[in-house]
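Before any comments, here is the structure.
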2 protein chains.
Amino acid sequence: MSRQRPTLADVASAAKVSVSTASLAFSGAGPIAAATRQRVLDAAVELGYSGPNPLGRQLRRGRSGIVGVVVGDALKRSFRDPVSVQFLDGLVGTLGSLGLGVLLVPGPSDPSQPAVDPLVESAAMDVAVVMWGGTSDHPVQDVLQRRGIPTVVVEGRREEGVVTVGIDDRNGMAEATRHLLALGHERIAVVTLPFDASRREGIVPPERLSQIDWEITRRRLAGVTDTGLRPTAVYETPASLVEHGHAAGLELLRGDDRPTAVVCHSDLLASGVVLAARELGLRVPQDVSVAGFDGLDLPWLAPDVLTSVAQPLADKGAAVAHAVEDLLAGETPVHRELPVTLRVGTTTGPAPA
Amino acid sequence: MSRQRPTLADVASAAKVSVSTASLAFSGAGPIAAATRQRVLDAAVELGYSGPNPLGRQLRRGRSGIVGVVVGDALKRSFRDPVSVQFLDGLVGTLGSLGLGVLLVPGPSDPSQPAVDPLVESAAMDVAVVMWGGTSDHPVQDVLQRRGIPTVVVEGRREEGVVTVGIDDRNGMAEATRHLLALGHERIAVVTLPFDASRREGIVPPERLSQIDWEITRRRLAGVTDTGLRPTAVYETPASLVEHGHAAGLELLRGDDRPTAVVCHSDLLASGVVLAARELGLRVPQDVSVAGFDGLDLPWLAPDVLTSVAQPLADKGAAVAHAVEDLLAGETPVHRELPVTLRVGTTTGPAPA
DNA sequence: ATGAAAGCGCTAACAC
DNA sequence: GTGTTAGCGCTTTCAT
């Protein structure tokens, strides 16, 4: 343990071979005699050498093997949403099998904070993945572009020169809405994802409906109105969390002119609405139907099973990983749009008479 | 965009300075005339140079600026637990302010899978953090040690030569138990975290009680018995998830000789027990009291607020980050054990008469 | 305040 | 099959 950490050169000289040969012994990429190889490996063990230093390898190869994943929000908030987590799980798994690691890069948190995490500016990454890349001001994407780091945007706006992976949420949302319409509902309210970073909360005044900055919110709301429905109310939430759905439900469902159904932009919001309905003494779905989006497994909603539009989260992660792979191979991946499926649960039923 | 990406040397020659001067212009670490500095920066913009290549810098400095975080389980499962997420949030935040990035390294998932993710073997990291490092076989820690990567173990066994950060969960668990005893409960069951990687589920036969592999489970169970309590039953779960708590609740609370209180090793488990109790028509806390551990915010349990032992999750992340900082500075951080606090909610009350 | 030079540890041409 | 050589892009003494 006395001196410096041994290098490949040390191992090579101990094994009495050249460094290039020693390199081959570890990488296996090239012809080498089994005996030589073994000699190198033995020398390595002898010296306590545990394999090539990744830093040297990375510089030489010009690749870090790292994919920076910019989460669309403060980590804590982002990861409270199973949607992010399950997506990330699919992404990390697939990237892992490609030999790539995931560097967590915090996204913009408070509007007050510096807009771009220092890691975006200076961390080593071969490719970046931007989750929830749907805002119109993209300081993060600008920095990445300046650095020349190829980027995959998830759920963002489809733009020239930007690789995107998304889901068919507009049609999915429309399908959920039509499901309610088919059940005879006429008074339907909508609980939406945030319109922008302002984190506003409450029923949206009509003029604000045309000022949606977040692409995903715009698309899902468009899906609702694609059906021809004119919602009785549109309620904006500051984040996709149960408590915000709960607040929305309390506000929307009190009073006699309440809607008979609520469509929500996410399952977490929808489950909050269900809890609020129960709390108000309303039966679900006899008095009020509730539909969500995401297809999450929500055991604590039992015995109810949420009617929801299921999106293939793990597949989405894998699709993004493959886009990353293409980018690394120098190819330009095409936009992928994954299908969604309406899954009818126990929280929607015929409109009350 | 024709040729290679520009390097610092290109910028230097365009600005008619030496590379070392150009380097100073970017790092700011050294004396440089403001005018020269500006000339370099202008040249950089001109050439589309976006700052020093991190790979070159890392090799030169011998540091990657990366902390590998080995999550204690498959990502998906791990991140379904707010405990991991909130800890990670604190960790990433504090490390970020130290200029360090977090590389996500999947931990052992299935016992069938290769025990150690390839990233552990070969990714660049200056320090590693092992979450839930409490198992007796540490293939991951062995590899890290062989590579000479200093490691912080969270919630693991305190051992010679291993830096650990933990919480005082043994006393916390004892305090929760004493709270129940003080309320007059005599028949108390325990719902525990996994004993080992076997993911067994159900009431534990007595002989298995001495075969707890996971340190955290051992400590928390010891906390319960430290009070002198002899639990009516000990129920082992395969993971800290609501559905497993639910299953435990259903099994423990059916029948007339049911316990009047259940102490759980986590809030997710406890909330599952509450749901099961409600489902069985039992009133909480009139018929059965339930206590948890972690101090999570569980909005969907409303109107109940879980009685729980709160642990400072963000602080734990920060404490680990500071241990990492010490390690990087060449110092040996001391073991930190953070305090926990019993917070009485609405789910515990006097034992039924 | 600036420049020259060395070298971090490795891999990949290329020659033998 | 093995060795020689040349960098990858940068930071950091050390001179000037």
Side-chain angles (χ1 to χ4, degrees), chain A residues 3-41 43-44 47-65 99 121-126 147-149, chain B residues 3-41 43-44 47-65 99 121-126 147-149:
Chain A
R3 43 160 308 209
Q4 290 291 49
R5 176 177 298 281
T7 73
L8 191 58
D10 297 329
V11 176
S13 75
K16 306 210 189 306
V17 297
S18 69
V19 273
S20 56
T21 302
S23 177
L24 292 183
F26 285 99
S27 69
I32 183 172
T36 316
R37 188 183 138 86
Q38 193 54 51
R39 196 145 41 86
V40 174
L41 265 29
L47 294 179
Y49 178 82
S50 59
N53 181 326
L55 263 27
R57 176 202 302 251
Q58 286 172 16
L59 177 58
R60 176 62 232 231
R61 293 226 178 118
R63 289 250 163 121
S64 62
E121 303 271 9
S122 58
M125 45 183 128
D126 299 335
R147 290 186 62 189
I149 296 176
Chain B
R3 41 161 310 209
Q4 290 291 50
R5 177 176 299 281
T7 73
L8 191 58
D10 298 329
V11 175
S13 74
K16 305 210 189 307
V17 297
S18 70
V19 274
S20 53
T21 303
S23 177
L24 292 184
F26 285 99
S27 70
I32 183 172
T36 315
R37 187 184 138 87
Q38 193 53 52
R39 198 146 40 87
V40 173
L41 264 30
L47 294 179
Y49 179 80
S50 60
N53 181 327
L55 263 26
R57 176 201 303 248
Q58 286 172 16
L59 176 58
R60 176 60 230 236
R61 292 223 179 120
R63 289 246 164 124
S64 63
E121 303 272 9
S122 59
M125 46 183 129
D126 299 335
R147 289 186 61 189
I149 296 176

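Chain A is the first sequence line, chain B the second, and so forth, proteins listed ahead of strands; every chain is numbered from 1.
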Exercise for review: Using atom types as modelled and distance alone, determine if a side-chain donor or acceptor of A/Arg5 lies under 3.5 Å from a backbone N or O of B/Arg147.
Suggested key: yes

Point to revise | A/Asn53 CG to D/dC8 P, straight-line distance once rounded to whole Å | key: 19 Å

Study note, to complete from the structure: Which of C/dC10, C/dA1, D/dC10 is nearest the side chain of A/Pro52? It is C/dC10

Review point. Hey, does A/Ile32 reach any base, or is it just sugar-phosphate, or nothing, if we go heavy atoms under 4.0 Å?
Key: sugar-phosphate

Check your understanding: Has the side chain of A/Ser20 got a donor or acceptor atom sitting under 3.5 Å from an opposite partner on the base of D/dG3?
Key -> yes

Study note, to complete from the structure: Testing C/dC10, D/dG1, C/dT2 for proximity to the side chain of A/Pro31, the answer is D/dG1

Point to revise | Side-chain touch A/Arg60/A/Pro52, heavy atoms, less than 4.5 angstrom | key: no

Study note, to complete from the structure: Of all heavy-atom pairs linking A/Phe26 and A/Val40, the shortest is CE1-CG1, 3.9 Å

Practice item. Select one nucleotide: of D/dT11, C/dG9, D/dG3, the one nearest the side-chain heavy atoms of A/Thr7. Key: C/dG9

Point to revise | Length of the line joining A/Leu24:CG and D/dG1:P, which is rounded to integer Å | key: 11 Å

Point to revise | Residue pair A/Val19 / A/Ala9: nearest heavy atoms and the distance that separates them | key: CG1-CA, 3.5 Å

Practice item. Tell me whether the OP1 or OP2 atom of C/dA12 has a side-chain N or O from A/Ser23 closer than 4.0 Å. Key: no

Check your understanding: How is B/Phe26 classified with respect to the nucleic acid when contacts are heavy atoms under 4.0 Å: base, sugar-phosphate, or nothing?
Key -> nothing

Check your understanding: Could you state the CZ-C1' distance from B/Arg5 to D/dC10, rounded to the nearest angstrom?
Key -> 15 Å

Exercise for review: Tell me what A/Thr36 touches on the nucleic acid: a base, only sugar-phosphate, or nothing, going by heavy atoms under 4.0 Å.
Suggested key: sugar-phosphate

Point to revise | Interatomic distance, A/Lys16 NZ vs D/dT4 C1' [rounded to whole Å] | key: 19 Å

Exercise for review: Indicate whether OP1 or OP2 belonging to D/dT2 is found under 4.0 Å from a side-chain N or O atom of A/Ser18.
Suggested key: no

Revision key, fill the gap. Note: for B/Ala34 and B/Gly56 on DNA chain C, the residue whose nearest nucleotide lies more 5' is B/Ala34

Check your understanding: Do A/Thr21 and A/Leu24 come within less than 4.5 Å of each other through their side chains, counting heavy atoms only?
Key -> no

Review point. On DNA chain D, nearest-nucleotide positions of A/Leu59 versus B/Arg60: which is more 5'?
Key: A/Leu59

Review point. For A/Arg63 and C/dG9, what is the distance between atoms CZ and P respectively, to the nearest whole Å?
Key: 24 Å

Practice item. Specify the separation, in whole Å, of atom CZ of A/Arg61 and atom P of C/dT11. Key: 6 Å

Check your understanding: In terms of side-chain heavy atoms of A/Ala33, which of C/dC10, D/dT2, C/dT2 is nearest?
Key -> D/dT2

Check your understanding: Taking atom P of C/dC8 as reference, at what distance in whole Å does atom CG of B/Leu8 sit?
Key -> 19 Å

